[in-house]
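Input: a single structure, listed below in structure tokens.
One-based numbering, in listed order, for ligands and for the atoms of each.
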Amino acid sequence: MTERETWATRLGFILAAVGSAVGLGNIWQFPFKTGTNGGAAFVFVYLLAALLIGLPAILGEFVVGRRANINAVEAFERLKHPAWTVVGALGLLTGLWILSYYSVVGGWVIRYIFGSATGAYFGDAAGYFASVSAGWEAIGLHAVFMAVTAGIVAFGVEDGIEKATKLMVPSIVVMLVGLAIYAFTLDGSTAAYSYYLSPDFEYLANNLGSVVPFAVSQAFFSLSLGMGAMITYASYLGDDDSLPADGSLVVVLNTAVGLLAGLVVIPLLFVQFGGVPDAAAGGGAGALFVSVAQVFADLGTAGQALGAVFFAVVLIAALSSAISLLEVVTSYVVDNYGYSRPATAFGFAGSLFVLGTLAAWNTAWLTWFDTLAYSVLLPLSVLLGVVFVGWVYGPQAVDEIKKGTSGGETFATAWLWSIRTYVLVGVFVTLYLGVTDIYAAPPIPGL
Ligand code: PFF
């Protein structure tokens, strides 16, 4: 067996993990899910979920990955618990499922790079979104996004992924801060801040059963959990790294980018619509596109260039996340069956392209794909991982957490107890509520 690659530097790992985490989940999804789930009440639960459930869960995946030093599926065999391979397999499936429609939204972003450059949406931002988000053009751009993702994965861990993510995080933060400040100066944005930042606890109490599972699953999606991505990335990690330090950094940066995106999108929606409009008018999946598109339109010629740059940066964020999804399955097949990396990456990308055409054809399908991932696949996959790492692998997991962390004993013990108790319960409740939600209102188009 050939020696496995490891990250050239600790920074390489952090950047890749942050690159995986920061993506459309933060920039596209978080703001619109906030808008459709009660504003600040959702933000409040999301923050708790990211910190109290997301952080322990990401550490669990790091433990499995670094300890096993192999892809997410075989990891469990290598840890001498082959029955739990089902966790890795479910993660793989969840990741494939998500990538199939993630790529469709990636295609929209590509469309908006060109749409900005030519000023195509400057006359009617909401109408433009409605016309390009579904149909043949969306299918074509979905193909382009998938092909680029496969191309990067084909070049391998160091060449493709490390390089692509180095510039993305700083540039996305700079651009979002600029846009947030600009939005703040516009007439009509003031009301957005209390909507976004001051939780309506009465709303929360009345809608607990939907806000909680959405917020917890959003944290999983956003942190790339339950898909083997963090297991796979951590498998390239050396023993001298501190998992708690790395995990905390990823959670903090990822959460900050989501919050910033909300600070851009929500005020801009208030400026244009006096509030968050319903999905058909641009408050749902179109929120990011419609809100910032209007800013660039208002800026005229300068807006064409700025818009193109903005969406190009969003594209890099989307790609670095999509790469991590594809990397999980590719590394499994390459490690295990000896197929070539390029053939494997393009083979999967092709199949997922076909599956995703449904979502590219009709946004109702896209919503359905997303709902299934949120309500069932993600919480189920994370739940099984948490049970494994807490109750099955427990003491050895504690050893792994302590490695490379000075004075990590207390933290590691606290981590184990959180995983065994409230994290487990929290994820279980999320899954339960998600399943009952789907059962009560099946989101299948036409039903
Ligand atoms: N975390 C990414 C985002 O928020 O856009 C999406 C994602 C990437 C999810 C990789 C899962 C994953 F394995």
Nearest 0.5 Å, what's the CZ-OG1 distance between Phe346 and Thr330? 10.0 Å

Atom 12 (C) of ligand 1 - nearest protein heavy atom and its distance: Leu325 CD2, 3.1 Å

Which atoms of ligand 1 sit under 4.0 Å from any heavy atom of Leu24? 5 (O)

Taking the ring centre of each residue, are Tyr112 and Tyr121 less than 6.0 Å apart? yes

Does the side chain of Ser235 pick up a donor-acceptor pair with the side chain of Asn69 at under 3.5 Å? no

Does ligand 1 have an atom that lies less than 4.0 angstrom from a heavy atom of Ser20? yes

Of all the atoms in ligand 1, which lie at a distance below 4.0 Å from a heavy atom belonging to Ala229? 13 (F)

Looking at atom 1 (N) of ligand 1, what's its closest protein heavy atom, distance included? Phe221 O, 2.8 Å

To the nearest 0.5 Å, what is the distance between CG on Leu237 and CZ on Arg67? 13.5 Å

State the atoms of ligand 1, each with its element, that fall below the 4.0 Å cut-off from a heavy-atom position in Asn26. 4 (O)

Residue Ser324 vicinity, atoms of ligand 1 by number, heavy atom under 4.0 Å: 8 (C), 10 (C)

Under 4.0 angstrom from ligand 1, any heavy atom of Trp28? no

Please list the nearest protein heavy atom to atom 4 (O) of ligand 1 with its residue and the distance rounded to 0.1 Å. Ala21 O, 3.0 Å

Are Arg66 and Glu61 within salt-bridge range, i.e. N to O under 4.0 Å? no

Just checking, is any N or O donor in the side chain of Thr344 or Tyr337 under 3.5 Å from an acceptor N or O on the other one? no

If you measure from atom 11 (C) of ligand 1 to every heavy atom of Met227, Gln29, Met230, Glu327, which option wins on shortest distance? Met227

Which atoms of ligand 1 have any heavy atom of Ser321 under 4.0 Å away? 2 (C), 5 (O), 8 (C), 10 (C)

Does the side chain of Asn26 pick up a donor-acceptor pair with the side chain of Asn254 at under 3.5 Å? yes

Spatial distance of atom CG (Leu352) from atom OH (Tyr101) [nearest 0.5 Å]: 12.5 Å

Name the closest protein heavy atom to atom 5 (O) of ligand 1, giving the residue it belongs to and the distance to 0.1 Å. Tyr102 OH, 2.5 Å

protein heavy-atom neighbour closest to atom 7 (C) of ligand 1 works out as Ser224 OG, 3.6 Å

Short list, please: which atoms of ligand 1 are under 4.0 Å from a heavy atom of Gly25? 3 (C), 4 (O), 5 (O)

Exercise: do Tyr374 and Gln29 side chains pair donor with acceptor under 3.5 Å: yes

